[in-house]
Participant: 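This structure is in structure tokens; I'll ask about it shortly.
Predicted model only: the values in this text are computed from it and were never measured. Hydrogens, waters and symmetry mates are skipped; everything else that's a heavy atom, side chains included, is used.
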Amino acid sequence: MRIIFRVCVCINLLLLAGCGNSEGDRLTKEQVRLINDYAAEFERIATIPDKGELPKIQERIIIIQDEMKANNEALQKLPIAKLKELGDKHKTERDGATDRLKKALAPFRARQNAKKIGEKS
């Protein structure tokens, strides 16, 4: 009787493992998380942290950039139809993350544009 119970438990665990998110879903969610982490680091810089904190933030940004690049390369290996499906499925989360990133980068873009205008004058 115990053997049958254990076999049933093992079969259920195997079935549940197969019902999880696809690799594309996992990669897309990871990309959204990385975009949010990237935005968070730029939000920290905008708060004008201590000089000792700035190199740590820059290191984290570089690590996030590397992770984003690797994740993006893995996503690019998926078929176009799957990418479109994933884009539609995770549109809300992705749009929220990219909006957050745009807001976090806005002060830096404004400074960059001001410098360009100053150089032209």
Side-chain angles (χ1 to χ4, degrees):
M1 188 63 145
R2 286 184 178 210
I3 293 173
I4 294 172
F5 177 75
R6 289 180 182 169
V7 168
C8 289
V9 169
C10 288
I11 290 171
N12 283 332
L13 289 174
L14 290 172
L15 289 173
L16 286 175
C19 295
N21 289 335
S22 71
E23 180 70 7
D25 283 324
R26 186 191 65 75
L27 290 169
T28 304
K29 289 177 182 179
E30 179 69 8
Q31 192 72 4
V32 169
R33 184 192 66 79
L34 289 168
I35 292 170
N36 277 316
D37 290 351
Y38 197 59
E41 296 303 328
F42 280 98
E43 290 167 352
R44 281 190 191 101
I45 290 174
T47 63
I48 309 172
D50 296 335
K51 289 183 180 182
E53 182 69 18
L54 195 57
K56 294 175 188 174
I57 292 172
Q58 290 171 332
E59 287 176 25
R60 287 192 300 262
I61 286 173
I62 291 169
I63 291 169
I64 292 168
Q65 286 173 336
D66 291 342
E67 290 176 3
M68 287 173 78
K69 182 179 177 186
N71 194 62
N72 195 33
E73 287 172 358
L75 275 168
Q76 295 303 317
K77 292 178 182 175
L78 297 174
I80 299 289
K82 182 67 176 174
L83 289 173
K84 185 174 187 312
E85 176 189 327
L86 290 168
D88 293 341
K89 183 177 179 181
H90 299 284
K91 183 178 180 8
T92 305
E93 298 95 340
R94 191 189 68 236
D95 288 350
T98 53
D99 287 345
R100 180 180 179 192
L101 182 59
K102 286 177 187 175
K103 288 176 185 172
L105 292 175
F108 301 99
R109 287 191 181 138
R111 282 187 226 147
Q112 209 171 30
N113 289 338
K115 286 181 183 178
K116 288 180 182 177
I117 291 171
E119 290 173 2
K120 291 179 181 179
S121 300

Participant: Under 4.0 Å between a side-chain nitrogen and a carboxylate oxygen: does that hold for Glu43 and Arg100?
Facilitator: yes

Participant: On a heavy-atom basis, which atom in Arg44 and which in Glu41 lie closest, and how many Å separate them?
Facilitator: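 Result for this residue pair: NH1-OE2, 2.5 Å.
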
Participant: Would you check if the side chain of Asn71 reaches a backbone N or O of Leu27 as a donor-acceptor pair within less than 3.5 Å?
Facilitator: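 Checking the backbone N and O of Leu27 against the side chain of Asn71, a donor-acceptor pair under 3.5 Å is found.
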
Participant: Is there a side chain to side chain contact (heavy atoms under 4.5 Å, CB included) between Arg94 and Thr28? Walk through the geometry before answering.
Facilitator: CA-CA 8 Å; Arg94 191 189 68 236; Thr28 304; 6.0 Å; no

Participant: With the side chain counted from C-beta on, respond yes when Lys56 and Pro49 share a heavy-atom pair under 4.5 Å apart, and no when they do not.
Facilitator: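 Heavy-atom side-chain distance check fails, nothing below 4.5 Å.
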
Participant: Please say yes or no: joined through hydrophobic side-chain contacts below 4.5 Å, possibly via intermediate residues, are Ile64 and Ile57 part of one cluster?
Facilitator: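 Yes: a chain of side-chain contacts under 4.5 Å links Ile64 to Ile57.
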
Participant: Is the shortest side-chain heavy-atom distance between Lys69 and Glu73 below 4.5 Å?
Facilitator: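 They are in side-chain contact.
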
Participant: Between Arg33 and Asp37, does at least one N-O distance fall below 4.0 Å, as a salt bridge requires?
Facilitator: yes

Participant: Work out which heavy atom in Gly24 is nearest to a heavy atom in Leu75; give both atom names and the distance.
Facilitator: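 Looking at all heavy atoms of both residues, the closest pair is O-CD2, 4.3 Å.
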
Participant: Under the side chain to side chain contact (heavy atoms under 4.5 Å, CB included) rule, what do His90 and Gln31 come out as? Steps first, then yes or no, please.
Facilitator: CA-CA 11 Å; His90 299 284; Gln31 192 72 4; over 6 Å; no

Participant: Over all heavy atoms of both residues, which pair between Leu34 and Met68 is shortest? Give the atoms and the distance, please.
Facilitator: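 Scanning both residues completely, I find the closest heavy atoms to be CB-CG, 3.6 Å.
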
Participant: Please check if Val32 and Tyr38 belong to a single hydrophobic cluster, counting links between Ile, Leu, Val, Met, Phe, Trp and Tyr side chain heavy atoms closer than 4.5 Å.
Facilitator: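 No, Val32 does not connect to Tyr38 through the hydrophobic network.
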
Participant: To the nearest 0.5 Å, how far apart are CD in Glu59 and CG in Leu54?
Facilitator: 10.5 Å

Participant: Restricting to non-hydrogen atoms, name the atom on Ala39 and the atom on Ala104 that form the minimum distance, rounded to 0.1 Å.
Facilitator: O-CB, 3.6 Å

Participant: Kindly work out whether a path of hydrophobic side-chain contacts (I/L/V/M/F/W/Y, heavy atoms less than 4.5 Å apart) joins Phe108 to Ile61.
Facilitator: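 Linked within one cluster.
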
Participant: Can you tell if the side chain of Leu78 reaches within under 4.5 Å of the side chain of Leu86, non-hydrogen atoms only?
Facilitator: yes

Participant: Before accepting this row, confirm whether a basic side-chain N of the pair Arg60/Glu53 lies closer than 4.0 Å to the acidic partner's carboxylate O.
Facilitator: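 Glu53 and Arg60: salt-bridged.
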
